[in-house]
Structure formats: structure tokens, C-alpha cells
Amino acid sequence: MCKNNKLVVTKDLKIRLGQKIKYFRKKLSLSQEQLAEMVNMETKSLSRIESGHNYPMYENLVLISSALGVEPWQLYFTEDSKDIDMMKEEIELALQKDKDKIPALYQYLLMLK
């Protein structure tokens with residue numbers, strides 16, 4: 001059981017790291033191609049990192065964070081108070097994955113009015 005929990009944590013960490021890289025990249029209005037070029041990386045490799053499929057090598061993590069103007073730890077650190085744009089992006093990703101939740105979410109939003 002512990003082994004399965006480790007796999008889940010590892011996958012979640014890769015996904016969060018990828019989301020943070022994508023968030024900071026978009027905040028700077030950079031395309032994947034532009035960021036990949038800045039850090040001398042294949043666009044496909046950056047895409048796999050942002051989608052949570054791969055971890056970057058340490059050297060690439062440092063280059064990516066530098067190009068994004070953040071410290072490497074900021075790509076791992078999750079805050080309780082998230083930026084509104086990041087929250088919106090997480091909601092959009094969740095709804096893209098499970099469109100069946102849209103009617104329930106819509107009803108909830110109507111109740112908040």
C-alpha cells in the first residue's frame with residue numbers, strides 16, 4: 001500500500017511542477033517553443049514536463065526557473081492562497097477532464113448569486 005501512495009505522490013508532484021512551469025510561462029506570455037529555445041530544450045521535452053509526464057533534470061529545472069524569473073523552489077511550493085489566474089486554470093483543467101461535473105458546478109454557481 002505504501003508503494004501505491006508513493007506512486008500517487010510522485011505523479012501528483014510531477015503534475016504540480018508542470019502546472020507551475022506552465023503558469024509562470026503563460027504569465028510571461030511565452031509559448032512552449034520560446035521557453036524551450038531559451039533553455040536549449042526540445043519543445044516536446046518541455047511539453048512532457050508541463051503535462052506531468054517527466055521531471056526535468058536538475059540543470060534544466062534551474063534553467064527553466066531562471067528563464068521564468070523565479071527560484072527553483074517556487075516551482076514546487078504550493079500556497080494556500082493561490083493566484084486567481086492559477087485557480088481559474090485549475091478549474092478549467094478539471095472541467096476538461098470531467099465534463100460531467102459542469103452541470104453541478106453551474107448549479108452551485110447559481111446558488112452563490
Side-chain angles (χ1 to χ4, degrees):
M1 180 147 168
C2 186
K3 185 178 180 182
N4 288 340
N5 287 341
K6 183 178 179 184
L7 290 174
V8 171
V9 170
T10 301
K11 182 64 178 169
D12 287 347
L13 183 60
K14 284 196 287 189
I15 290 170
R16 279 196 191 276
L17 175 65
Q19 288 173 339
K20 291 288 272 208
I21 290 170
K22 183 177 181 180
Y23 167 75
F24 285 116
R25 175 179 60 78
K26 286 187 169 196
K27 195 171 183 176
L28 294 174
S29 300
L30 293 172
S31 68
Q32 279 186 339
E33 293 81 12
Q34 289 170 318
L35 179 57
E37 186 177 318
M38 291 169 73
V39 298
N40 198 26
M41 176 185 288
E42 294 286 327
T43 303
K44 185 175 181 176
S45 297
L46 179 60
S47 175
R48 292 193 55 78
I49 291 168
E50 284 190 358
S51 64
H53 288 91
N54 290 353
Y55 277 122
M57 293 187 315
Y58 177 75
E59 294 82 8
N60 288 337
L61 179 67
V62 171
L63 290 171
I64 290 168
S65 66
S66 178
L68 296 173
V70 298
E71 295 295 324
W73 65 266
Q74 290 177 284
L75 298 175
Y76 288 97
F77 183 71
T78 56
E79 304 168 350
D80 288 340
S81 59
K82 293 184 180 181
D83 182 274
I84 295 294
D85 291 333
M86 190 167 190
M87 286 188 263
K88 182 180 172 186
E89 186 174 323
E90 285 182 23
I91 291 168
E92 288 171 353
L93 287 172
L95 292 175
Q96 286 173 3
K97 288 181 183 177
D98 190 355
K99 293 186 186 294
D100 292 339
K101 292 182 180 177
I102 293 174
L105 180 59
Y106 181 74
Q107 291 299 319
Y108 180 74
L109 290 172
L110 289 177
M111 290 188 319
L112 292 176
K113 287 184 176 183

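Every value quoted in this text rests on a predicted model; they were computed, and no experiment measured them.
In the hydrophobic cluster analysis, where Ile, Leu, Val, Met, Phe, Trp and Tyr join through side-chain heavy atoms closer than 4.5 angstrom, Ile102 is grouped together with Ile91. Note on Val62: it does not cluster hydrophobically with Tyr55, by side-chain heavy-atom contacts below 4.5 Å among ILVMFWY residues. Ile21 and Leu28 fall within a single hydrophobic cluster, where Ile, Leu, Val, Met, Phe, Trp and Tyr are joined by side-chain heavy atoms under 4.5 Å apart, directly or via other members. Taking hydrophobic clusters as Ile, Leu, Val, Met, Phe, Trp and Tyr residues chained together by side-chain heavy-atom distances below 4.5 Å, Leu13 shares a cluster with Leu61. Hydrophobic clustering (side-chain heavy atoms under 4.5 Å, transitive across Ile, Leu, Val, Met, Phe, Trp, Tyr) groups Ile49 together with Leu30.
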> Would Arg25 and Leu68 count as a side chain to side chain contact (heavy atoms under 4.5 Å, CB included) if you check the C-alpha gap in whole Å, the side-chain angles of each, and the deciding distance to 0.1 Å?
Replying inline: CA-CA 6 Å; Arg25 175 179 60 78; Leu68 296 173; 4.0 Å; yes
>> Evaluate Glu89 against Lys26 for salt bridge (Lys or Arg N to Asp or Glu O under 4.0 Å), listing each step before the verdict.
In response: CA-CA 11 Å; Glu89 186 174 323; Lys26 286 187 169 196; 5.0 Å; no
> How far apart are the C-alpha atoms of Gln19 and Leu93, what are their side-chain angles, what is the distance that settles it, and do they pass the side chain to side chain contact (heavy atoms under 4.5 Å, CB included) test?
Replying inline: CA-CA 10 Å; Gln19 288 173 339; Leu93 287 172; 4.0 Å; yes
> Taking it one step at a time, do Gln74 and Lys20 satisfy side chain to side chain contact (heavy atoms under 4.5 Å, CB included)?
Replying inline: CA-CA 8 Å; Gln74 290 177 284; Lys20 291 288 272 208; 5.9 Å; no
>> Between Phe24 and Leu75, is the side chain to side chain contact (heavy atoms under 4.5 Å, CB included) condition met? List the steps.
In response: CA-CA 9 Å; Phe24 285 116; Leu75 298 175; 3.7 Å; yes
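Applying the salt bridge (Lys or Arg N to Asp or Glu O under 4.0 Å) test to Asp98 and every residue at least two apart in sequence or in another chain returns Lys101.
Counting all heavy atoms, side chain and backbone alike, Lys99 lies closest to Pro103 at O-CD, 3.9 Å.
Distance check: Asp12 CG to Leu17 CG gives 12.5 Å after rounding to the nearest 0.5 Å.
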Residues 34-48 side chain polar contacts: donor-acceptor under 3.5 Å, at least two apart:
from  : atom 1 : to    : atom 2 : distance (Å)
Gln34 : OE1    : Ser31 : N      : 2.7
Gln34 : OE1    : Ser31 : OG     : 3.4

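Under the 4.5 angstrom side-chain criterion for Ile, Leu, Val, Met, Phe, Trp and Tyr, the cluster partners of Leu110 are Tyr106.
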